[in-house]
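The first residue of the sequence shown is numbered 1, and numbering continues consecutively from there.
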Amino acid sequence: MAGQSSGSTPVDKEDNWGYDLYPERRGEAAQAKWWQVALFGAGQTKTEKTACERNVYNCFQNSPLVKLMYSALKASGCEIDLRRHIACEVCDVKVSGGYDPRLNQIVICQNVARSKGMVQGILTHEMIHMFDACRHELNFKDLNHLACTEIRAANLTHCSFLSAMTQGDASFFRIQKQHAECVKHKALGSVLAVRPDVTKEEALAVIDKVFLKCYNDLEPIGRRVRRNSADMIRAYKERGNYGYE
């Protein structure tokens with residue numbers, strides 16, 4: 001989104017890609033719509049924030065994946081301070097979380113992510129972006145970089161056979177390809193959400209270009225985590241293989 005800073009200095013349009021989904025990032029107070037209040041109980045900002053922060057704290061104490069990502073970031077010289085690097089905010093309902101590379105901060109959308117399980121998924125996903133920014137000098141303005149980190153986050157945290165089938169990203173006739181299709185679908189949605197200047201065709205072309213390399217990069221989790229399995233616990237126990245405490 002194009003805009004002006006607090007002074008007269010112009011703000012690069014590219015610097016604001018995706019920020020329209022996070023009103024508090026722009027210094028605005030988000031207002032819940034009537035249907036959000038009626039259907040989801042939105043609008044209770046202080047209550048939502050408290051519940052969100054409790055879920056975040058719980059994940060850092062008890063989630064094997066979040067603890068693994070914390071260890072990986074710490075070992076890479078990018079240790080997380082909950083007060084500095086995690087923020088619960090009201091967002092556009094199109095998104096449930098995000099990573100702000102300008103502030104090196106993860107946003108949990110308190111009005112959307114209401115359960116511990118959802119907060120765990122968002123934290124792990126966004127911590128992968130944070131890890132990539134820490135270890136690989138990620139440039140989110142570069143479509144190749146953006147596509148790669150979105151592929152890695154979807155691959156390592158979100159896509160399972162069950163979720164792929166439910167969302168229509170795969171069929172029983174293409175079992176071997178279903179996980180990759182799920183990853184491509186999620187990566188495409190993420191790229192388009194933060195890059196309004198990019199067409200679907202352009203995004204797909206870049207995703208296809210970098211897919212194989214980024215899909216096969218499993219660091220720091222070391223495995224594709226299957227839903228309803230012990231993969232999260234196994235990954236945490238194997239963290240020493242990557243030199244994480």
- Message: For the CZ atom on R54, are there more than 12 heavy atoms of other groups (residues, nucleotides or ligands in this structure) within a distance under 6.0 Å?
- Response: no
- Task: Please say whether more than 12 non-hydrogen atoms of neighbouring residues, nucleotides or ligands are located less than 6.0 Å from CZ in R83.
- Result: no
What I want to find out is whether [X] reaches [Y] closely enough, with some N-O distance under 4.0 Å, to be called a salt bridge.
X: R195; Y: E202; value: no
X: D231; Y: R224; value: no
X: R114; Y: E48; value: yes

- Do Y70 and E79 meet the criterion of a side-chain donor-acceptor pair at a distance under 3.5 Å? yes
- Task: Give a yes or no on whether L82 and M127 share a hydrophobic cluster (residues Ile, Leu, Val, Met, Phe, Trp, Tyr; joining criterion: side-chain heavy atoms under 4.5 Å apart).
- Result: yes
- Query: Checking side-chain contact (heavy atoms from CB on, under 4.5 Å) for the pair Q61/K67: CA distance, chi angles, key distance, verdict?
  - Reply: CA-CA 7 Å; Q61 292 295 309; K67 291 195 294 182; over 6 Å; no
- Message: With a 4.5 Å cut-off on side-chain heavy atoms, are V112 and C91 touching?
- Response: no
- Message: For A153 versus I128, what's the shortest heavy-atom pair and its separation?
- Response: CA-CD1, 3.9 Å
- Looking at I207 and A187, what are the two nearest heavy atoms and their distance? CD1-C, 3.9 Å
- Item | Nearest-0.5 Å distance, CG of residue L218 to CG of residue N155 | 6.0 Å
- Query: Nearest 0.5 Å, what's the SG-CG distance between C214 and D132?
  - Reply: 8.5 Å
- Would a line drawn from the ring center of H179 to the ring center of Y215 be shorter than 6.0 Å? yes
